[in-house]
Amino acid sequence: MQISPLQKARYEYQPKLPGMLRGGIADICVREGEETQSVADQEKIKALFPNTYGKKEITFQKGQNTAPARKQVVGVILSGGQAPGGHNVICGLYDALKATSKDNVLLGFKGGPSGLVEDKFVEFDDAFIDAYRNTGGFDIIGSGRTKIETEEQFEASVETCRKHGLTAVVIIGGDDSNTNAAVLAEYFAAHHTGVQVIGCPKTIDGDLKNDDIDCSFGFDTAVKTYSELIGNIERDANSAKKYWHFIKVMGRSASHVALECALETQPNICLIGEEVAAKKMSLSQIADQIADSVCARAAKGDNFGVAIIPEGIVEFVPEFGKLIGEINELLAGENTARFNALPTWDAKYDFIRKGLTKESFAVFEILPQGIQQQLFLERDPHGNVQVSLIESEKLFAELVRNKLEERRKAGTYNGKFSTQHHFFGYEGRCAFPSNFDADYCYSLGYNAFMLIQYGFTGYLSKVSGLEKPAEQWTAGGMPITKMMNMERRNGQDKPVIRKALVELDGAPFRYFEAHRKEWAENTCYTFPGAIQYWGPTEVCDRTTVTLALEKGMLK
Ligand code: FBP
């Protein structure tokens with residue numbers, strides 16, 4: 001097979017482990033910490049996880065390895081959206097497993113958690129693993145979003161484990177997948193299977209982080225990839241001086257990606273969903289905020305700019321959420337067929353006008369026709385509006401255009417407004433991992449095997465101190481139940497890992513807030529450039545601005 005020179009060179013890269021994991025498996029021992037409690041709803045979580053709740057935090061350190069010797073047969077699963085570095089988690093896991101004993105076996109279950117249920121697997125060997133070292137993507141075994149939740153699925157998983165003699169399963173995933181890992185660990189423990197479950201924190205969205213997890217892997221590479229592109233667009237905008245670029249970036253439930261890209265590139269505008277929700281902002285208010293920047297810049301002759309829009313923005317706008325709820329109700333059951341049978345858009349529009357409340361229709365009315373039609377025509381199999389498909393970069397560009405027309409009529413704006421639209425999402429999810437993600441992921445996988453070797457289950461592989469050089473990182477494990485609380489999901493109270501949203505009193509947002517007025521009116525663009533794999537460490541191993549601000553490394 002033909003491979004690119006970079007791919008070949010990246011195969012040779014030796015990821016950096018935390019100092020405490022260096023020097024050989026025989027010299028790694030465990031230090032136990034305090035017993036843990038869930039972040040909220042302790043009694044309920046404890047009752048749901050009687051076998052895995054309240055376990056101790058653990059840290060690895062240098063010392064005689066006292067783990068009992070036994071053959072390990074480990075299964076690994078990639079779960080959810082792709083994130084750069086997933087392959088390295090598997091490589092780190094494989095290397096630690098084989099360094100312990102050549103007889104140990106690593107199986108990869110294909111296509112996500114369903115691979116375990118349906119027993120679709122591959123067995124890794126050196127040649128297989130070597131072809132994926134330090135590469136992006138999840139194509140080594142594929143990924144999927146199946147949730148193991150029915151009794152049938154649990155039983156099938158137990159059967160797969162029994163058939164292969166599995167001693168442990170490693171689940172590489174986001175908050176939902178690791179919640180599932182905790183549930184699976186509890187099930188395996190309750191049924192005395194002897195199979196351990198370890199999770200690894202993944203997602204480019206960056207919303208799996210807390211007091212114990214500095215950040216999820218993949219975030220670093222994805223935001224650097226988007227920031228490179230945004231910086232390039234800023235240069236283009238500032239060269240041509242003729243377009244406003246509206247750029248949507250991934251991140252459905254949290255705006256960490258948009259915020260980090262803004263901190264990296266200093267655009268004129270960046271919307272933060274969590275702020276929109278906290279201030280209960282309307283679409284019109286958001287459009288006004290962007291239009292203010294357009295006008296201020298136009299007054300100086302700068303009819304160009306860059307605005308970053310998080311993918312999930314509309315879900316944070318309260319009036320939009322209400323509108324979506326009403327549309328879902330309006331088209332429930334047989335109404336969908338009635339609506340679809342209406343011959344023209346005008347007839348459909350009339351049906352919508354009569355079916356929505358006055359307030360929601362007022363919101364609907366200000367949407368560009370393309371978005372209006374999207375809301376009614378592109379629906380999921382349950383008949384619900386597919387909010388993630390809404391082209392919010394086009395939506396806001398149009399809403400701003402309307403605002404500017406009003407201002408032009410009022411004599412307060414006299415500029416030009418031509419727009420370009422972009423969506424950066426899939427472009428970043430499978431990029432070659434940055435050195436940071438390559439190192440972090442390899443460490444997470446290596447560390448996951450140490451947790452397995454020492455008999456832990458229901459733990460998340462934890463590598464922290466990530467703002468420092470890798471040598472100073474610490475490694476250990478945290479019971480997943482510690483990160484859980486009860487939340488309402490599909491009409492039921494469920495134990496879940498608490499999702500990390502952008503904190504409006506956190507250092508990254510405060511930094512952005514302090515600078516955004518200046519960025520909105522002036523041209524303060526910064527150009528991060530492409531991810532560098534070789535060169536000075538401050539260029540190649542640098543972490544995200546978000547992490548640096550959170551850890552007080554930047555002010
Ligand atoms: P995970 O939370 O599973 O990591 O996925 C996040 C994400 O990359 C989002 O940013 C995006 O909204 C979504 O996946 C897209 O999912 P899909 O791959 O199903 O289109």
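Heavy atoms only: backbone and side chains are in, while hydrogens, waters and symmetry mates are out. Atoms within each ligand, like the ligands themselves, are counted from 1 in listed order.
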- Message: Polar contacts were defined as any N/O atom of the residue lying under 3.5 Å from an N/O atom of the ligand; does this apply to Gln82 and ligand 1?
- Response: no
- Looking only at N/O atoms, are Ser79 and ligand 1 under 3.5 Å apart anywhere? no
Measure the distance from [atom] to every protein heavy atom, then report the residue, atom name and distance (to 0.1 Å) of the closest one.
atom                    : value
atom 18 (O) of ligand 1 : Arg429 NH2, 3.0 Å
atom 6 (C) of ligand 1  : Asp205 OD2, 3.4 Å
atom 20 (O) of ligand 1 : Tyr426 OH, 2.6 Å
atom 2 (O) of ligand 1  : Thr203 OG1, 3.4 Å

- Establish, for the pair Lys248 and Phe423, whether the NZ or CZ atom is under 6.0 angstrom from the six-membered ring centre and no further than 45 degrees off its axis. yes
- Message: Under 6.0 Å from the ring centre and within 45 degrees of the ring axis: does the NZ or CZ of Arg10 meet both conditions for the six-membered ring of Tyr13?
- Response: yes
- Side-chain touch Glu264/Thr526, heavy atoms, less than 4.5 angstrom: no
Distance filter under 4.0 Å to [X] heavy atoms, resulting ligand 1 atoms:
X      : result
Gly80  : 3 (O)
Lys202 : 1 (P), 3 (O), 4 (O)
Arg252 : 12 (O), 13 (C), 15 (C), 16 (O)
Gly251 : 10 (O)

[Y] and [X] aromatic ring geometry - parallel, tilted or perpendicular at 30°/60° bounds:
X      : Y      : result
Tyr440 : Trp473 : perpendicular
Phe124 : Phe128 : perpendicular
His245 : Tyr243 : perpendicular
Phe154 : Tyr187 : parallel

- Under 4.0 Å between a Lys/Arg side-chain N and an Asp/Glu carboxylate O for Lys322 and Glu326? yes
- Task: Look up atom NZ in Lys110 and atom CG in Asp119, then write down how far apart they are to the nearest 0.5 Å.
- Result: 11.0 Å
- Would you mind finding which of Glu311, Arg145, Met250 brings a heavy atom closest to atom 14 (O) of ligand 1? Arg145
- Message: I'd like to know whether ligand 1 has Ala83 as a neighbour, heavy-atom separation below 4.0 Å.
- Response: no
- Compute the minimum heavy-atom distance from Gly81 to ligand 1 and say whether it is under 4.0 Å. yes
